[in-house]
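Worth knowing before you read on, the calculation uses all heavy atoms, side chains too, and leaves out hydrogens, waters and symmetry mates. Numbers here are sequence positions counted from 1.
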Amino acid sequence: QVQLVESGGGSVQAGGSLRLSCAASGYNCMGWFRQAPGKEREGVASIKGDGWEIYADSVKGRFTISKDNAKHTLYLEMTSLKPEDTAVYYCAGERVRYCYGGLREINFGFWGQGTQVTVSS
């Protein structure tokens, strides 16, 4: 059955780094979303099969999305973490060949269970 599995979350101090991984295969668009308690889920970054990437303004210059097709893995490298980055991070995928991707939930049909990232000040 189709599954997306995130890993790599944890607790770090402000200024620290973490790398999230998502085991996935067969997705033409992939992305990372996050949701803090009491807030709506928001798009963080996404990448298409041709390598096109997009980032939320709040993480530009600090986060990097990448994928390794041979390893069937999506990554999110997070640096210079801030307390406001604290959230549950979700891996998302879409199988449609010419998917748009972007940072909207509606463009992704498959989701992981989430991994907690906590950044303390």
Side-chain angles (χ1 to χ4, degrees):
Q1 199 160 350
V2 176
Q3 291 185 356
L4 291 169
V5 182
E6 306 96 335
S7 63
S11 181
V12 300
Q13 293 187 353
S17 301
L18 282 174
R19 184 174 68 177
L20 305 183
S21 299
C22 174
S25 65
Y27 299 95
N28 290 300
C29 289
M30 292 180 282
W32 290 97
F33 290 74
R34 67 186 182 185
Q35 185 170 28
K39 295 187 176 181
E40 298 291 328
R41 186 157 58 183
E42 63 177 348
V44 175
S46 69
I47 187 168
K48 297 174 67 176
D50 59 5
W52 183 78
E53 305 167 19
I54 187 169
Y55 296 88
D57 289 340
S58 60
V59 306
K60 285 183 178 178
R62 299 189 299 120
F63 291 12
T64 301
I65 188 171
S66 64
K67 59 185 176 68
D68 187 326
N69 292 329
K71 295 182 178 180
H72 305 112
T73 304
L74 176 72
Y75 301 99
L76 183 67
E77 180 71 27
M78 306 184 294
T79 62
S80 301
L81 284 163
K82 305 174 181 180
E84 49 263 47
D85 293 319
T86 295
V88 175
Y89 284 70
Y90 297 88
C91 176
E94 174 56 50
R95 292 186 180 277
V96 174
R97 179 180 294 183
Y98 299 109
C99 48
Y100 178 76
L103 301 175
R104 300 183 65 193
E105 285 189 50
I106 195 172
N107 292 326
F108 298 88
F110 301 87
W111 298 84
Q113 80 287 350
T115 186
Q116 178 71 46
V117 171
T118 301
V119 185
S120 60
S121 60

Return the minimal non-hydrogen interatomic distance between [X] and [Y], and the atom names on each side.
X	Y	value
Gln116	Thr118	NE2-OG1, 3.3 Å
Tyr89	Leu20	CB-CD1, 3.6 Å
Ser46	Gly102	OG-O, 2.8 Å
Ser80	Arg62	O-NH1, 3.0 Å
Met30	Ala24	SD-CB, 4.4 Å
Pro83	Ser120	CG-C, 4.5 Å

Taking the six-membered ring for Trp, are Phe63 and Tyr55 closer than 6.0 Å centroid to centroid?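 Between Tyr55 and Phe63, which both carry aromatic rings, the centre distance is not below 6.0 Å.
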Do Tyr27 and Phe108 have ring centres separated by under 6.0 Å?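 Tyr27 vs Phe108: aromatic centres not under 6.0 Å.
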Interatomic spacing from [atom1] in [X] to [atom2] in [Y] - rounded to 0.5 Å:
X	Y	atom1	atom2	value
Thr115	Leu76	OG1	CG	11.0 Å
Met78	Ser17	CE	OG	8.5 Å
Lys67	Lys48	NZ	NZ	11.5 Å
Gln113	Ser7	CD	OG	8.5 Å
Tyr90	Phe33	OH	CZ	12.0 Å

Could Asp85 and Lys82 be called an ion pair, given the rule that one side-chain N must be under 4.0 Å from one carboxylate O?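 Lys82 and Asp85: not salt-bridged.
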Residues forming a salt bridge (charged side-chain N to carboxylate O under 4.0 Å, His left out) with Arg41, sequence neighbours excluded: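 By the salt bridge (charged side-chain N to carboxylate O under 4.0 Å, His left out) rule, Arg41 matches Glu105.
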Find out whether [X] and [Y] are in side-chain contact, i.e. whether some heavy atom of one side chain is under 4.5 Å from a heavy atom of the other.
X	Y	answer
Glu94	Ile106	no
Ile65	Val44	no
Cys29	Tyr100	no
Arg95	Phe110	yes
Ser121	Glu84	no
Ile54	Leu103	yes
Trp52	Ile47	no
Arg19	Tyr75	yes

ILVMFWY network linking Leu74 to Leu4, side-chain heavy atoms under 4.5 angstrom: yes
I'd like to know if the side chain of Asn107 reaches the main chain of Gly101, judged simply by a donor and an acceptor atom lying under 3.5 Å from each other, with no hydrogens or angles considered. yes
Just do the side-chain contact (heavy atoms from CB on, under 4.5 Å) check on Leu18 and Val117 with the steps written out, would you? CA-CA 9 Å; Leu18 282 174; Val117 171; 3.9 Å; yes
Apply the test side-chain contact (heavy atoms from CB on, under 4.5 Å) to residues Cys91 and Trp32: give CA-CA distance (whole Å), side-chain angles for both, the deciding distance (0.1 Å), then the verdict. CA-CA 5 Å; Cys91 176; Trp32 290 97; 4.0 Å; yes
Assess the side chains of Glu40 and Gln35: does a donor N or O sit below 3.5 Å from an acceptor N or O? no
